[in-house]
*Asks:* 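Below are the structure tokens for one structure; questions will follow.
Atom set for the values below is all heavy atoms of this structure, side chains included, hydrogens, waters and symmetry mates excluded. In what follows, chains carry the letters A, B, and so on, assigned in the order in which the sequence lines appear, proteins first and then strands, with residues in each chain numbered from 1.
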Amino acid sequence: MTFKSIIDEIKNNLSKILDELFISDVKFSVEPAKPGFGDVSSNVSFLLAKQLKKNPKEIADMFSKKFQDCTNTLVLKTEAHPSGYLNFYADWEKLSQLILSESYLDEFGDVDIGKNSTIVVEHTSVNPNKALHIGHIRNIIIGDTVSRILEKANYKVNVLNYIDDSGLQVADIIVGFKHFGFAEESPNGKKFDHYCGDDVYVKTTEKYEADPSLEEIRKKVLRELENGDSETAKFADNITRKVLAGQLETCWNLDVFYDCLNFESQIIRSGLWSEIFEKLKEMSLIEFEKEGKNVGCWVIRGENKEEDKVIVRSNDTATYIAKDIPYAAWKLGLLDDPFNYKKYEKEQPNSRELWQTTLNKNNPISKNFTGGKVVTVIDSRQARLQKIITSLMGKFKSIPDAYVHLGYESVTLSSETAKALGLDTEGKQAQMSGRKGLYVNADSVYKLLKEKTKEETKKRHSEMNPSEIEKIAHNVSVATLRYEMIKQDLDKIITFDLTKSLSLEGDTATYIQYTHARASRILEKSNRTPTIDIDFSLLKEKSEIDLIKNIGLFNLQVRDAANNLSPKVIARYCHDLAVAFNSFYENAKVLELGDLNLENSRLCLVNSFKITLEKALNLLGITAPDRM
RNA sequence: GGGCCUAUAGCUCAGCAUGGAUAGAGUGUUGGACUUCUAAUCCAAUGGUCAAGGGAUCGAAGCCCUUUGGGCCCA
């Protein structure tokens, strides 16, 4: 058990006291206290103030007195604060033992929210016509981190990447290849996804702008793409798969992995749409418009003042939302699976099996990548569309919140960075744009970070061999990129600045990793294996108790993060844990104390911290280095 | 015209879901700590009408309403 033990104990006892007073239905809180106010606080007296017609302090006094008579094992004393809060002080000798012993177990930090049910997390979903830029990375890292957290919360997670291989953006590069003479192999060994995005896509788009008559070619190519048997479609399939391979390489390098790739072109050809179209009509979720501007169309009625949404146009073609509806239903397992599956050509570096959908009926392999719940990570510009899908899915499936759109604000470029890319924004931040070539590629940010980290590492460790430096630089760079993408709230815009993003001091992943390395070195130098068989009463310094307390909060934080799909919670927890350790590091020596018992006690704590931080960092997809 | 998000220290952000204590970090600036288990660290100082106005409440950064600035989506 962890810090939760004492919280539960206090909750139980307070409830008993309330029972004695014949008071029910009071939703009081029992939470870790703010620093300086004991270990645990409850607001129970505020909530009763009105009912009992007493001021909170008097009530707190009464509770404090009654609490003495309860059987409690972990609370040393209670205190009624003049403000009215009821504060509790823990018996740290006992609580430390509980927390530290627990922390040595493999399952430390596990919480059971999912009850081993399946959940789909879909993220990435980038058009396969360009390399991933820093804005896509936010999506990818949020998705990956959330799926790691959900796994820790006992969900069986299926991670999907939706490959939008049949839209306008793909048509654009195909026009470039087919009509504007771009070479099918990238010149001078440039990564193929970079070549398609930086050269083919941007320059083809420029040509449209110069000559609007080219629009006809574009439309023609798009039509050919939609017809799966055409020569153009086959050509496009070949190109987009090569781009996808490049994108996946970027993701894998960041320790992001998937279970299945779902191709949009196959969803369109699978017949899923007609199945769901009938169902929508049956359930009267869509209506045939007989008058007005949408006459002859099938529409979803807008709620309140919102516009109706056209699903099928009067010429019988489906709008793009029509693709999303059957796909969402498929993800929830509401439709017969029209797909077969085959393994992806390349193996993922962590050896996790990666599958892809196929409509090929030979050697059918059936798999199930659907889930009882679905989390779709898409930026909040698509909130309106996702709201319609969410509401439709709510009507198909009775479980509340079965389909969740996890939205987040976009990544913009700082005016300095935009300027460096050739756009003067007059001091304002700039929206990234793949068409205009205004973006910062993820691979290049990684490369810059790695160069800088290498330099820093060399400065500190002249003795290290190049491959070790390389490894540290890689780990630190990936961590930095990942941490920056999730440390703030999802609804805050990230203004990306190339220079500032290279910072390795302060509230960064580097700070946290460094702290882990410090702990590792102590253990290494001790030449002992830390054990849990120690004298817990020796850990009584404030910085020691503080650290233990933070360690004990791990599972509470995981619960919070999983319930709210909030990766930030774990990022902050890692940071807080690191701060607590650094404070301990400054205040309490571990080695060469001349007191073996105290050394062993502190070693046990250091090891507990190290294990916990490593687990927490693992949820963020960040490796915990032993040296840096 | 309609909808969504956002506003907290010079800058970047926590805290807001579930109202109560002294509104916290990082960064910046200034000063201090390496002969010590790693200074990618730590300590101290500095810095706040929580956008503005109103409302309900014993009590609001947080809840409700209005206005304004910024961003996005739809038309």
*Asks:* Taking a pair as Watson-Crick or G-U wobble with both distances under 3.5 Å, which nucleotide is matched to B:A17?
*Replies:*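 When the pairing criteria are applied, nothing turns out to pair with B:A17, so the answer is none.
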*Asks:* Could you classify B:C65 for me, syn or anti, using a glycosidic angle within 90° of 0 as syn?
*Replies:* anti
*Asks:* Should B:C4 form a Watson-Crick or G-U wobble pair with both distances under 3.5 Å, which nucleotide is its partner?
*Replies:*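 B:C4 is paired, partner B:G71.
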*Asks:* Please confirm whether the backbone N or O of A:N550 pairs with a side-chain atom of A:Y573, one donor and one acceptor, at under 3.5 Å?
*Replies:*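 Between the backbone of A:N550 and the side chain of A:Y573 there is a qualifying donor-acceptor contact (under 3.5 Å).
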*Asks:* What do you reckon, are the aromatic ring centroids of A:F37 and A:Y85 less than 6.0 Å apart?
*Replies:* no
*Asks:* What's the gap between B:U41 and B:G26 when it is taken at their P atoms, as a whole Å value?
*Replies:*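 To the nearest whole Å, 11 Å.
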*Asks:* When only distance counts, do a donor and an acceptor, one from the side chain of A:S41 and one from the base of B:A21, lie under 3.5 Å apart?
*Replies:* yes
*Asks:* Roughly how far apart are A:S503 OG and A:D497 CG, rounded to 0.5 Å?
*Replies:* 11.0 Å
*Asks:* Looking at A:R521, I'd like to know whether one of its side-chain N or O atoms comes within less than 4.0 Å of OP1 or OP2 on B:U38.
*Replies:*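 True: A:R521 side-chain N/O within range (under 4.0 Å) of B:U38 OP1/OP2.
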*Asks:* Got a second to check how far A:L593's CG is from A:E599's CD, nearest 0.5 Å?
*Replies:*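 Nearest 0.5 Å value for the CG-CD distance: 4.5 Å.
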*Asks:* Roughly how many Å apart are B:A9 and B:A14, using the C1' atom of each and rounding to a whole number?
*Replies:*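 The answer is 13 Å between these two C1' atoms.
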*Asks:* Under 4.0 Å from OP1 or OP2 of B:U12: is there any side-chain N or O of A:Q488 that close?
*Replies:*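 So the side-chain polar atoms of A:Q488 never come under 4.0 Å of the phosphate oxygens OP1 or OP2 of B:U12.
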